[in-house]
Amino acid sequence: MKAKTLKGTRDFLPEQIAKRKYIFGIIEDVFKKYAFSQIETPAMEEMSTLSGKYGEEGDKLLFKILNNGDFLEKADEKALLEKDSFKLAPTIAKRGLRYDLTVPFARFVVNNQNDLVFPFKRYQIQPVWRADRPQRGRYQEFYQCDADVVGSDGLLYEAELVQIYHEVFKKLGIGVQIKINNRKVLFGLAEAAGIADKFVDMTIAIDKLDKIGKEGVEKELSERGVSLESTEKIFKMLEVTHFEDLRPFFNEGSEGIKGLDELKQVYDFISCTQIKNLVFDVKLARGLGYYTGCIFEVAVDTHIHEGFVMGSIGGGGRYDNLTSSFGLPNMSGVGISFGAERIFDVLTELNLFPPNVESKSSIVLMAMDQNSLVYAFQVASTLRDQGLNVDIYPESGKLKKQIKYAVDKGVKYAGIIGDQEVADQVVMCKNLETGEQRALGLEDLMSVISRG
RNA sequence: GAGGUUGUAGCUCAGUCGGUUAGAGCGUUAGUUUGUGGCACUAAAGGCCGUGGGUUCGAUCCCCAUCUUCCUCCCCA
């Protein structure tokens with residue numbers, strides 16, 4: 001048997017865990033500060049909960065779990081005979097792994113609506129799974145950190161979420177641009193160009209403007225049946241830098257105007273803060289179908305971190321009808337997500353992790369002989385009772401080996417114990433960074449190592 | 001899902017135009033040194049050459065399949 005992790009999954013070494021906890025910790029602290037409460041949902045959900053929520057592509061990326069027991073008994077025989085996997089799958093796999101945290105959250109809200117206080121502000125930090133092809137910064141198992149509010153359409157929440165983005169990335173030391181747009185504005189764009197029916201096609205195409213350029217978008221639009229005239233109109237509107245400049249293009253009372261009004265409200269809230277990096281981006285579309293209002297995306301600011309290229313490290317938006325498919329209509333929600341895996345890569349590449357993210361034990365006790373080892377064990381217990389992190393080498397003798405263990409683990413102090421120390425009731429405390437050492441009683445030892 | 005790429009010791013990587021016993025550096029273990037990290041020297045352990053099949057007298061090498069790594073597209077975090 002070969003020891004390896006599955007495709008797109010990773011083991012995390014102690015140092016990596018420490019760094020990940022650092023990221024999660026900062027995000028969590030900010031979430032809490034804005035009065036969000038943590039929930040968790042199961043890794044598995046009914047396939048009926050998951051499928052159909054992420055579009056055709058998304059369905060293909062869902063991990064399905066084979067039913068237990070005699071799963072073929074209830075299988076669709078015709079599909080089985082015809083080797084029709086897509087038809088067969090639902091009859092042999094009723095469960096799947098969650099694809100994101102938002103859809104399970106919608107299910108959660110409907111399920112527990114009687115026990116929740118609305119507007120309900122929740123955050124959730126858990127892994128999700130996608131059968132995607134792995135790439136740089138993309139895995140089949142990865143963590144999402146989500147904060148959502150449901151049960152209010154107040155635009156104050158959009159502003160709060162922008163603040164959260166701003167605060168988290170400031171604490172992490174990453175210079176970012178928080179991009180904002182509004183699906184209603186995008187709809188207005190399509191309407192003004194006379195292609196309201198091709199709204200989705202249009203958003204998908206213009207989202208790629210930075211990637212494939214103007215010509216690429218033109219080509220994609222014409223392939224999707226958009227006339228040249230409409231395309232020209234769209235490009236004219238895409239040139240604006242401020243959202244108010246779009247107002248003349250839209251008819252009074254239209255969706256587009258509503259979207260602009262929403263953006264204005266968000267900016268009104270933000271204008272009283274120190275936030276300078278909230279930028280309107282008319283090209284921002286976001287693929288997920290369920291967004292209906294403001295949408296967000298966070299990217300590393302390439303002016304601050306020159307030449308740094310990385311996909312978005314956070315995204316979110318307003319969705320009006322997420323819970324309606326679970327039988328609870330008129331429940332508006334808005335949320336954001338942090339891409340923890342990519343944030344990890346950004347911090348690594350920009351060297352922004354603070355030193356000493358890993359909390360190490362403060363001392364390794366080492367004994368010269370069996371009798372000393374028993375004494376060392378006793379010392380360890382005493383120190384641990386005082387709240388110190390103490391390690392002890394499991395066998396006596398061979399100081400060289402024991403010191404190497406302490407050094408390799410990055411521990412600062414070695415506590416050497418032999419006949420003499422046991423007799424004097426002391427520990428030979430050696431600072432492994434400076435090489436200094438002296439015999440200390442327990443009281444002194446405690447104060448030395450707790451100083452770090 | 002489409003295209004490309006990678007896989008040889010714990011790690012990084014050589015190598016064999018198809019031929020006896022597959023190498024290096026680093027690391028590991030032991031010793032020189034039974035109360036002290038480094039360096040040096042000595043020695044040892046460690047490999048179905050990703051997996052399965054094919055061609056061949058003979059395959060780690062060539063062919064096919066499959067899994068895996070990394071990358072591009074799609075989509076996303």
Side-chain angles (χ1 to χ4, degrees), chain A residues 1-10 13 23 27 54-62 85-86 98-102 125-146 203-205 207-208 211-212 216 220 285-289 291 296-300 309-316 335-346 364 366-370 372 393 395-422 427-439:
Chain A
M1 198 182 352
K2 181 132 185 169
K4 60 177 168 186
T5 59
L6 281 171
K7 177 166 76 171
T9 65
R10 300 152 293 164
L13 292 162
I23 296 171
I27 293 172
Y54 309 104
E56 213 177 301
E57 288 298 313
D59 276 358
K60 284 186 202 158
L61 302 180
L62 285 171
S85 306
F86 291 102
R98 62 165 169 252
Y99 178 89
D100 71 359
L101 299 180
T102 310
I125 300 176
Q126 288 190 275
V128 303
W129 294 268
R130 295 181 188 179
D132 211 348
R133 187 162 294 201
Q135 266 177 59
R136 174 184 146 83
R138 176 184 294 191
Y139 306 94
Q140 293 201 340
E141 179 184 64
F142 63 98
Y143 274 75
Q144 284 192 332
C145 313
D146 279 23
T203 56
I204 291 171
D207 192 32
K208 296 180 195 161
K211 226 176 201 172
I212 60 179
E220 186 141 344
R286 296 199 52 79
L288 290 173
Y291 292 122
F296 308 103
E297 200 160 290
V298 181
V300 174
V309 183
M310 172 74 73
S312 72
I313 53 178
I336 55 170
S337 181
F338 286 85
E341 319 294 342
R342 286 188 182 171
I343 292 171
F344 184 97
D345 289 344
V346 171
V364 177
M366 36 195 83
M368 300 311 303
D369 54 67
Q370 189 60 28
S372 306
Y393 198 80
E395 50 205 82
S396 57
K398 281 275 187 310
L399 257 195
K400 179 173 170 166
K401 205 170 170 183
Q402 302 197 51
I403 286 184
K404 189 170 175 352
Y405 169 80
V407 170
D408 286 349
K409 285 194 73 169
V411 176
K412 188 172 175 185
Y413 291 105
I416 302 162
I417 295 167
D419 288 344
Q420 196 59 49
E421 284 78 12
V422 175
V427 171
M428 183 60 76
C429 178
K430 181 183 177 85
N431 182 325
L432 294 170
E433 286 163 14
T434 63
E436 289 171 82
Q437 67 177 44
R438 57 196 167 118

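Keep in mind that this is a model prediction, so the values were computed, not measured. Here is the naming used below: chain letters follow the sequence lines, and residue numbers restart at 1 for every chain.
Going from atom NZ of A/K7 over to atom C1' of B/C71 covers 14 Å, rounded to whole Å. The CD atom of A/E220 sits 12 Å away from the C1' atom of B/C73 (whole-angstrom rounding). As rounded to whole Å, 15 Å separates atom P of B/C76 from atom CG of A/D146. If you take OH of A/Y54 and P of B/G1, they are 20 Å apart, rounded to a whole angstrom.
At a threshold of 4.0 angstrom between heavy atoms, the contacts of A/G58 with the nucleic acid are absent. Backbone-only engagement by A/I313 is indicated by non-hydrogen atom pairs under 4.0 Å involving sugar-phosphate atoms exclusively. Nucleic acid contact for A/E421: base, since at least one base atom lies under 4.0 Å from a heavy atom of the residue. Within the 4.0 angstrom heavy-atom criterion, no nucleotide atom of any strand lies near A/G315. Residue A/R136 is classed as a sugar-phosphate contact, given heavy-atom separations below 4.0 Å to backbone atoms only. Within the 4.0 angstrom heavy-atom criterion, no nucleotide atom of any strand lies near A/G316. Looking at heavy-atom distances under 4.0 Å, A/K430 makes contact with a base.
Judged as a salt bridge (charged side-chain N to carboxylate O under 4.0 Å, His left out), and not counting sequence neighbours, A/R133 has no contacts. For A/Y413, the ring pair (Phe, Tyr, Trp, His ring centres under 6.0 Å) test picks out no residue, with sequence neighbours left out. For A/E421, there are no salt bridge (charged side-chain N to carboxylate O under 4.0 Å, His left out) partners, not counting sequence neighbours.
Remark: A/D132 engages A/R138 in a salt bridge, criterion side-chain N to carboxylate O under 4.0 Å.
Closest of all the heavy-atom pairs between A/S312 and A/E297 is CB-CG, 3.5 Å. Smallest separation of non-hydrogen atoms from A/G137 and A/R342: O-NE, 3.4 Å. Scanning all heavy atoms of the two residues, the minimum distance from A/T203 to A/A285 falls at O-CB, 3.3 Å.
By the criterion of a centre-to-centre distance under 5.5 Å and near-parallel planes under 30°, the ring of A/F338 forms no stack with the base of B/A77.
For the C1' atom pair drawn from B/G3 and B/G19, the interatomic distance equals 37 Å after rounding to whole Å. Taking atom C1' in both B/G50 and B/U68, the straight-line distance is 7 Å, to the nearest Å. If you take atom P in B/U42 and the same atom in B/U5, they sit 44 Å apart, rounded to whole Å. Of the P atoms belonging to B/A22 and B/U60, the separation is 11 Å, rounded to the nearest Å. The gap from the P atom of B/U20 to that of B/U33 amounts to 43 Å, rounded to the nearest Å. Atom P of B/A40 sits at a distance of 47 Å from the matching atom of B/G53, rounded to the whole Å. Taking atom C1' in both B/U6 and B/U12, the straight-line distance is 15 Å, to the nearest Å. Taking atom C1' in both B/C49 and B/U8, the straight-line distance is 4 Å, to the nearest Å.
Judged by closest nucleotide on RNA chain B, A/T5 is the one of A/T5 and A/G339 placed further toward the 5' end.
The stretch residues 405-414 of chain A comes close to RNA chain B through A/V407, each having a heavy atom under 4.0 Å from the strand.
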Given side chain to side chain contact (heavy atoms under 4.5 Å, CB included), test A/Y99 with A/V128 step by step and report yes or no. CA-CA 5 Å; A/Y99 178 89; A/V128 303; over 6 Å; no

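Comparing B/U36, B/C76, B/A30 by their nearest atom to the side chain of A/L399 picks out B/U36. The nucleotide whose nearest atom lies closest to any side-chain atom of A/Q420 is, among B/G35, B/C71, B/A77, B/G35. Considering only the side chain of A/R133, B/G1 comes nearest among B/U36, B/C75, B/G1. With B/U36, B/A77, B/G35 as the choices, the nucleotide that has an atom nearest any side-chain atom of A/I403 turns out to be B/U36. Distance from the side chain of A/K208 is smallest to B/C75 among B/U36, B/G3, B/C75.
Contact check, A/Q135 against B/U72: a side-chain N or O comes under 4.0 Å of OP1 or OP2.
For A/K208, the NZ atom sits in a packed shell: over 12 heavy atoms of surrounding residues, nucleotides or ligands are nearer than 6.0 Å. The number of heavy-atom neighbours closer than 6.0 Å to CZ of A/R10, taken from other residues, nucleotides and ligands shown, is above 12.
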Can you check nucleotides 38-44 of chain B for protein contacts, nitrogen or oxygen pairs under 3.5 Å, and list what you find?
none

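Between A/D146 and A/S337, the side chains place a donor N or O and an acceptor N or O closer than 3.5 Å (distance only, hydrogens not considered). Using a 3.5 Å distance cut-off with no hydrogens or angles, the side chains of A/D100 and A/Y54 do pair a donor with an acceptor.
In RNA chain B, stems built from 3 or more consecutive Watson-Crick or G-U wobble pairs, each with both distances under 3.5 Å, span B:1-4 with B:70-73, B:10-13 with B:23-26, B:28-32 with B:40-44, B:50-54 with B:62-66.
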